[in-house]
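Just so you know, ligand 1 is whichever comes first in the structure, and atom 1 is the first atom listed for that ligand. Because the structure is a prediction, the values reported are computed rather than measured.
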Amino acid sequence: MTAKIRLYVDQPLGQGQTVPLDRDQAHYLFGVMRQGVGDLVALFNGRDGEWQAEIRQAGKRGGELICLSQSRPLQMPPDLWLLFAPIKKARTDFIVEKAAEMGAARILPVQTDFTNAERIRQDRLQAHAIEAAEQCGGTFVPLVEDLQPLGRVLDAWPGDRQLMFCDEAQVGARRGLAGAARGPWAILIGPEGGFSEAERSRLSALPFAHVVSLGPRILRADTAAVAAMTLWQQALGDWAAEERP
Ligand code: SAH
């Protein structure tokens, strides 16, 4: 028998390791999901893969599990960052959730010239990434960074990381990822208002930037994020891994 419920925990996981549950986790497992002593739960912490664990104690305010065996090794996503300008709350949540499902390794909300949001709830967005990983069978959880100005992120850019700059000014152009090399990458998606001319000229001139079009229509930022990750995964990411030597 394998567990139906997957739960993210902070604690280390390993053979015979006991895992204490906090109040919220206990409420979820025993109150909401109606699990009890002897039932199996799949645990992951983003580092040690997925473990089948048995419930040893179940209480209102806590509980304890014990790890029995590893059911999946840690599977790292490709080294892909998603940079995006936060938009309305529900759409920002959507972007973070999809980035975790699609296999981004790190999520960086960035403030651009036309970004409306002044702040984000980093903790809430991180919780969305965890939920997405629980749901999609992931064993890794991407880190969601706090909001930073795009200029500052570019100032500190690691020179070996290529950037897929999705520029709405390229709408309808034939500019994709053909010929691009594998390695560390990032995708950049702008806000509803798009990029300013100053940003566009700085970004286009960066030696590590690839200016890309996402087809003949202007996509909303949340759609654009998913479309860009799909293109990248297909061309350079782990979707294509098995076909290549
Ligand atoms: N208001 C802008 C559109 C912004 S769309 C305008 O009307 O021009 C939000 C973001 O999605 C853009 O900044 C870009 O990163 C991405 N995007 C949407 N459609 C795109 C396309 N066809 N090609 C490249 N990027 C696109």
Side-chain angles (χ1 to χ4, degrees), residues 77-120 125 128-129 132 142 144-158 161-181 184-237 239:
D79 189 357
L80 175 68
W81 298 355
L82 176 68
L83 279 67
F84 76 99
I87 41 178
K88 288 199 195 80
K89 183 175 156 300
R91 290 180 185 274
T92 299
D93 291 352
F94 175 92
I95 291 177
V96 169
E97 179 183 295
K98 298 311 153 200
E101 287 176 38
M102 293 288 298
R106 190 172 172 217
I107 301 171
L108 296 95
V110 290
Q111 210 164 17
T112 64
D113 290 344
F114 300 149
T115 302
N116 308 49
E118 307 247 302
R119 60 181 73 84
I120 52 159
L125 293 178
H128 277 293
V144 184
E145 302 287 350
D146 214 339
L147 186 62
Q148 319 172 56
L150 174 62
R152 206 194 293 158
V153 177
L154 293 176
D155 289 343
W157 197 261
R161 184 171 295 274
Q162 304 184 72
L163 178 67
M164 176 178 173
F165 167 36
C166 299
D167 180 5
E168 68 277 1
Q170 297 291 330
V171 63
R174 285 173 174 270
R175 295 188 75 151
L177 290 168
W185 272 86
I187 292 173
L188 172 62
I189 301 292
E192 275 158 30
F195 291 100
S196 70
E197 276 314 317
E199 285 169 335
R200 181 165 293 120
S201 50
R202 176 172 185 190
L203 284 159
S204 316
L206 296 170
F208 47 81
H210 299 246
V211 186
V212 163
S213 163
L214 298 175
R217 286 165 291 271
I218 300 265
L219 309 175
R220 294 190 79 134
D222 46 351
T223 317
V226 178
M229 289 186 285
T230 307
L231 274 183
W232 187 89
Q233 279 288 31
Q234 176 62 29
L236 301 164
W239 289 14

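Remark: side-chain polar atoms of Glu168 are paired, donor with acceptor, to backbone N or O of Phe195 under 3.5 angstrom. Within the 3.5 Å criterion, the main-chain N or O of Met102 finds a donor-acceptor partner in the side chain of Gln233. Not one N or O on the side chain of Gln162 forms a donor-acceptor pair closer than 3.5 Å with the backbone of His210.
Ion pairing between a basic and an acidic side chain is recognised when a charged N comes within 4.0 Å of a carboxylate O; Glu199 and Arg202 show no such pairing.
Near ligand 1, residues Cys166, Asp167, Glu168, Val171, Ile189, Gly190, Pro191, Glu192, Gly193, Gly194, Phe195, Val212, Ser213, Leu214, Gly215, Arg217, Ile218, Leu219, Ala221, Ala224 each place a heavy atom inside the 4.0 Å sphere around the ligand atoms.
If you take CD1 on Ile189 and CZ on Phe165, they are separated by 10.0 Å, rounding to the nearest 0.5 Å.
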* Asp79 and Arg161: salt bridge (Lys or Arg N to Asp or Glu O under 4.0 Å), yes or no, with the steps? -> CA-CA 9 Å; Asp79 189 357; Arg161 184 171 295 274; 3.0 Å; yes
